[in-house]
Q: 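This is the structure I want to talk about, given as structure tokens.
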2 protein chains.
Amino acid sequence: MSAATRERIIEAGSALFRRQGYAGTGLKAIAAESGAPIGSIYHFFPGGKDALSDAVIRAAGRAYGALIPLFFDGAPDVTQATRNAFSGAAQTLRASGYADACPIAAVALEVASTNETLREATAAVFGHWVDLLAERYAAAGLDAEAAHDLAMAFVVNLEGAFMLARAQRDARIVERAGEMVAGAVQAALVSFQTRAA
Amino acid sequence: MSAATRERIIEAGSALFRRQGYAGTGLKAIAAESGAPIGSIYHFFPGGKDALSDAVIRAAGRAYGALIPLFFDGAPDVTQATRNAFSGAAQTLRASGYADACPIAAVALEVASTNETLREATAAVFGHWVDLLAERYAAAGLDAEAAHDLAMAFVVNLEGAFMLARAQRDARIVERAGEMVAGAVQAALVSFQTRAA
DNA sequence: GTCTATATCTCGATAGAC
DNA sequence: GTCTATCGAGATATAGAC
């Protein structure tokens with residue numbers, strides 16, 4: 001099955017990029033991890049490492065964007081959903097031995113000044129996540145600007161907390177960052193209701 | 001002058017690490033950037049790339065820690081100092097074409113799961129920054145736990161904002177993150193004064 | 001589509017002249 | 001202390017059999 005091989009290559013690339021970064025991950029390692037030979041990588045991605053990396057970044061963007069409904073659809077309100085999302089991320093981090101955090105964070109910092117194509121891919125993914133979150137905050141009654149700022153704060157805090165938590169091996173950093181974002185969300189909601197009243 | 005050569009090597013490593021990361025930066029590139037031959041790197045750092053990288057990380061920790069008094073000593077209060085620090089970072093980011101952000105961020109994400117020695121070095125640097133900032137917030141009257149949490153939020157937001165700002169080429173993200181942290185600092189100060197009264 | 005072999009390059013590291 | 005030459009390993013990429 002060719003489609004399955006292509007997906008397995010992307011999945012392997014995603015797993016290795018999040019732990020070793022872009023430059024630290026060779027195509028041979030991705031081939032070994034996916035079980036496919038090197039030739040298959042160039043068959044599915046004629047553009048080589050850049051084309052594969054672009055596909056990995058965008059796939060990770062879709063996959064993690066799909067997690068947002070999981071936390072927001074079931075929660076009683078967006079404040080609790082925000083808190084739960086950070087708690088879930090902290091739990092995943094702990095369970096994986098501080099390896100599984102953001103799939104594109106290391107790559108984003110590596111390519112920001114060295115690879116314009118991939119930089120744009122990471123920018124699009126961050127923008128996608130912010131848009132999805134902003135929709136949720138707007139649906140809770142906040143105006144567009146406040147919703148966007150909180151969505152940006154969500155991603156900023158998650159990424160920054162992932163960095164410190166992985167370095168210091170302390171997942172509570174992610175939980176504390178979640179408290180701060182949730183507090184800002186709550187404060188914005190209260191401020192909006194006060195203004196409306 | 002041998003000491004000057006050693007420092008030039010560290011300075012070159014710092015400049016390249018922040019733009020290309022750890023795995024993306026070769027010792028030959030550091031040698032070329034510093035003007036020293038490869039042999040000199042192994043003369044001053046017999047431990048090779050790891051020993052040099054450790055020195056680069058710790059030097060960056062000291063250098064950026066030394067920036068904190070610059071913002072906090074002259075400011076009217078810690079809230080304004082916090083805001084100014086983020087504004088200054090945003091300005092540096094813009095002026096450097098979105099290249100000069102945190103000197104150890106990319107390295108930290110790369111080594112967190114791949115190099116225990118360097119992971120500990122980055123953890124120590126983050127901890128050092130948090131400690132220095134917590135001292136400032138504590139000196140403004142906050143209790144130790146609140147001061148520490150705000151200091152952590154400072155570094156978390158700065159690192160996360162750097163990541164998104166570099167990817168999307170928008171330094172306002174750093175400024176907005178500064179507003180959020182400064183707001184949390186202000187709220188904590190007000191809350192403390194209310195409790196004390 | 002799958003897989004191997006290989007060309008070319010650059011890596012970290014070392015040896016040794018000066 | 002400075003500098004060059006070089007080693008073996010691993011990188012990306014390609015050619016071509018099956």
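Each chain gets a letter, A, B and so on, in the order the sequences are listed, and its residues count up from 1. Small disclaimer: the values here were computed from a predicted structure and weren't measured.
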Q: Calculate the interatomic distance between B:Ile41 atom CD1 and D:dG1 atom P; express it in whole Å.
A: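 After rounding, the gap between these two atoms is 16 Å.
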
Q: For A:Tyr22, does the six-membered ring have the charged nitrogen or CZ of A:Lys49 within the cation-pi criterion, i.e. under 6.0 angstrom from the centroid and within 45° of the normal?
A: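 Judged by the rule, A:Lys49 and A:Tyr22 form a cation-pi pair.
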
Q: In whole Å, what is the span from the CZ atom of B:Phe45 to the C1' atom of D:dG1?
A: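 Going from CZ in B:Phe45 over to C1' in D:dG1 covers 14 Å.
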
Q: For B:Asp143, give me all partners under salt bridge (charged side-chain N to carboxylate O under 4.0 Å, His left out), at least two apart in sequence or on another chain.
A: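 Salt bridge (charged side-chain N to carboxylate O under 4.0 Å, His left out) check on B:Asp143 returns B:Arg195.
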
Q: Can you measure A:His43 atom NE2 to D:dA15 atom P for me and round it to whole angstrom units?
A: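 It is 16 Å, rounded to the nearest whole Å.
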
Q: Would you mind writing out the side-chain donor-acceptor pairs for residues 147-158 of chain A within the sub-3.5 Å range, not counting sequence neighbours?
A:
unit_1   : atom_1 : unit_2   : atom_2 : d
A:Asn157 : OD1    : B:Asn157 : ND2    : 3.1
A:Asn157 : ND2    : A:Ala153 : O      : 2.9
A:Asn157 : ND2    : B:Asn157 : OD1    : 3.1

Q: Spell out protein contact along nucleotides 3-18 of chain C as letters: B when the base is contacted, S when just the sugar-phosphate is, - when no protein heavy atom is under 4.0 Å; keep the 5' to 3' order.
A: BB------BSBB----

Q: Run the side-chain donor-acceptor check on residues 131-140 of chain A: report pairs under 3.5 Å with partners two or more places apart or on a different chain.
A:
unit_1   : atom_1 : unit_2  : atom_2 : d
A:Arg136 : NH1    : A:Asp73 : OD1    : 2.8
A:Arg136 : NH2    : A:Asp73 : OD1    : 3.4
A:Tyr137 : OH     : A:Thr82 : OG1    : 2.7

Q: Are B:Thr5 and D:dG1 close enough that a side-chain N or O sits under 4.0 Å from OP1 or OP2?
A: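 For D:dG1, OP1/OP2 do not have a side-chain N/O of B:Thr5 under 4.0 Å.
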
Q: What pairs with B:Arg94 under salt bridge (charged side-chain N to carboxylate O under 4.0 Å, His left out), at least two apart in sequence or on another chain?
A: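 Salt bridge (charged side-chain N to carboxylate O under 4.0 Å, His left out) check on B:Arg94 returns B:Glu175.
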
Q: Taking salt bridge (charged side-chain N to carboxylate O under 4.0 Å, His left out) as the test, write out the residues that go with A:Glu179, two or more places apart.
A: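 Counting only residues at least two positions away or on another chain, A:Glu179 forms a salt bridge (charged side-chain N to carboxylate O under 4.0 Å, His left out) with A:Arg83.
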
